[in-house]
2 protein chains.
Amino acid sequence: MALRHAVLAALIEGEFSGYQLAKAFDVGVANFWYAQPQQLYAELARLEKEGLVAGREVAQEGRPNKRLFRVTDAGLAELEAFTAASAKPAVIRDDLLVKVQAADRVDTAALVAQLTERAGMAQAKIALFGALLRRLRGDRTEEEFLRHGDRIGPYLTCLRGVAFEQENRDWCTRTIAVLEERRQARARH
Amino acid sequence: MALRHAVLAALIEGEFSGYQLAKAFDVGVANFWYAQPQQLYAELARLEKEGLVAGREVAQEGRPNKRLFRVTDAGLAELEAFTAASAKPAVIRDDLLVKVQAADRVDTAALVAQLTERAGMAQAKIALFGALLRRLRGDRTEEEFLRHGDRIGPYLTCLRGVAFEQENRDWCTRTIAVLEERRQARARH
DNA sequence: CTTGCATAGTCATGAATGTGAGTAGTCATT
DNA sequence: AATGACTACTCACATTCATGACTATGCAAG
């Protein structure tokens, strides 16, 4: 049950609609969790029923009405309790790692293609996160911002996202190089 | 459906029983996937029914009999197909990130405790993976091994595991430092 | 002499997550 | 005038993952 806490954590930034959250949790800036829109709507409904978030209808013209949610005091207390509880260790779970684990017995060309694609995606995310970090800290340096800024939570998680994707990219390019070199070595015989 | 492929990938290393796989997929060397014993037994049963792995009973004395599994040709073909298919992007999903995202509104002390614990766990994993890497490459250098060794798949995934845990540890210590400094700065006022 | 741990598994159940499809209006493009 | 894209959300179902409890046997430490 960590999705509910991820939603609560996202909502301490301000009021958001399910649709806005869905954007944030999807492809874009899912730097600390990922979820499908359907999950979010369902979770928001549950959270509201339990009084951890409060929603209010906002009429719009030219587009459908929306419901904005904010965290209640009970929601904050729930987050507090969640933070105090010990976190389960995070594990990597990546299709690509499974494929590389099997690298010695499967077609290398297909694998290299996958790795190349992934390296590109990682690079794109690095750029995205970099822009987000600059936006968050404004004209301050990182040190300055982390010392005196308010709302450093999103910044810190984003830093982790950047580091993860850099690692991702570097490992992909390294692995590609290794696989390519071995392929050429085999071809020479 | 990536667990099945993770099992297949693990089995190209040789014959293993469900129990042995469970050990490898659990706390120890889950450097490319993680699963509970029950999942593995269930998956192995399914894979055998579909002919992707073949099991054979091995009688033992002093301990229960076991069933060793190996990948069949059909299993290798399945792995091949899996490798060719495009991998879904890996996302971080970590309770700890959710907690840090909420850092601006929850108790910092509890959070720092969590981060400290996690940093320690990461450090332990780094040591574990380091030992595994040395065992895998024997007396060769890494370059040498990656160029000419056979079965480099596990080595490459383990490299990724090490890098991930180092990143993990560094980010934890950095985040701890930031939170602590802010706490002290607040205390001075 | 019994408590606890390791081997080697099975069964059942619930929670979390993913996927596909559908509704309904607005706006811009072709 | 139709097609597709964006906002905003809902329903239903399937798959995957996690959890606890349980059965056996053998071995070693206290």
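The sequence lines fix the lettering, A, B, ..., with proteins before strands; numbering per chain opens at 1.
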Any salt bridge between [X] and [Y], counting N to O under 4.0 Å?
| X | Y | answer |
| --- | --- | --- |
| A/E48 | A/R67 | yes |
| B/R105 | A/E80 | no |
| A/K66 | A/E57 | no |
| A/R186 | A/E180 | no |
| A/E43 | A/R46 | yes |

Give me, pair by pair, the N or O atoms of the protein and of nucleotides 2-5 of chain C that are less than 3.5 Å apart, along with how far apart they are.
none

request  = Give me the other members of the hydrophobic cluster that A/L68 sits in, counting Ile, Leu, Val, Met, Phe, Trp and Tyr linked by side-chain heavy atoms under 4.5 Å, directly or via other members.
outcome  =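 Members alongside A/L68: A/V58.
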
inquiry  = Side chain of B/K88, heavy atoms from C-beta onward: which of C/dT19, C/dT7, D/dC9 has the nearest atom to it?
reply    =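 Looking only at side-chain atoms, B/K88 lies closest to C/dT19.
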
request  = Return the nearest nucleotide to the side chain of A/Q36; candidates are D/dT7, C/dT19, D/dC17.
outcome  =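 For A/Q36, the side-chain atoms sit closest to C/dT19.
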
request  = For B/R93, report the nucleic acid contact type (base, sugar-phosphate, nothing); a contact means any heavy atom under 4.0 Å.
outcome  =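 Here B/R93 touches the backbone only, sparing every base.
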
message = Under 4.0 Å, heavy atom to any atom of DNA chain C: which of residues 50-67 of chain A qualify?
response =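 Nucleic-acid contacts, sorted: A/G62.
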
Those residues that, when tested against A/Q123, pass side chain to side chain donor-acceptor pair (under 3.5 Å) (two or more places apart) =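 If we apply the side chain to side chain donor-acceptor pair (under 3.5 Å) test to A/Q123, skipping adjacent residues, the hits are A/R169.
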
key: A/F16: ring pair (Phe, Tyr, Trp, His ring centres under 6.0 Å) partners, not counting sequence neighbours   =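 By the ring pair (Phe, Tyr, Trp, His ring centres under 6.0 Å) rule, A/F16 matches no residue at all.
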
query = Can a donor-acceptor pair be found between the side chains of A/Y155 and A/R137 at a distance below 3.5 Å?
reply =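 Short answer, yes.
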
task = Could you give me the CA-CA distance, side-chain angles and deciding distance for B/F32 and B/F25, then say whether side-chain contact (heavy atoms from CB on, under 4.5 Å) is met?
result = CA-CA 8 Å; B/F32 74 104; B/F25 277 72; 4.2 Å; yes

Tabulate atom names and distances for all N/O pairs under 3.5 angstrom spanning the protein and nucleotides 20-22 of chain C.
{"unit_1": "C/dG20", "atom_1": "O6", "unit_2": "A/Q38", "atom_2": "NE2", "d": "2.7"}

key: C/dA6 OP1/OP2 closer than 4.0 Å to side-chain N/O of B/K23   =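 No, outside the criterion.
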
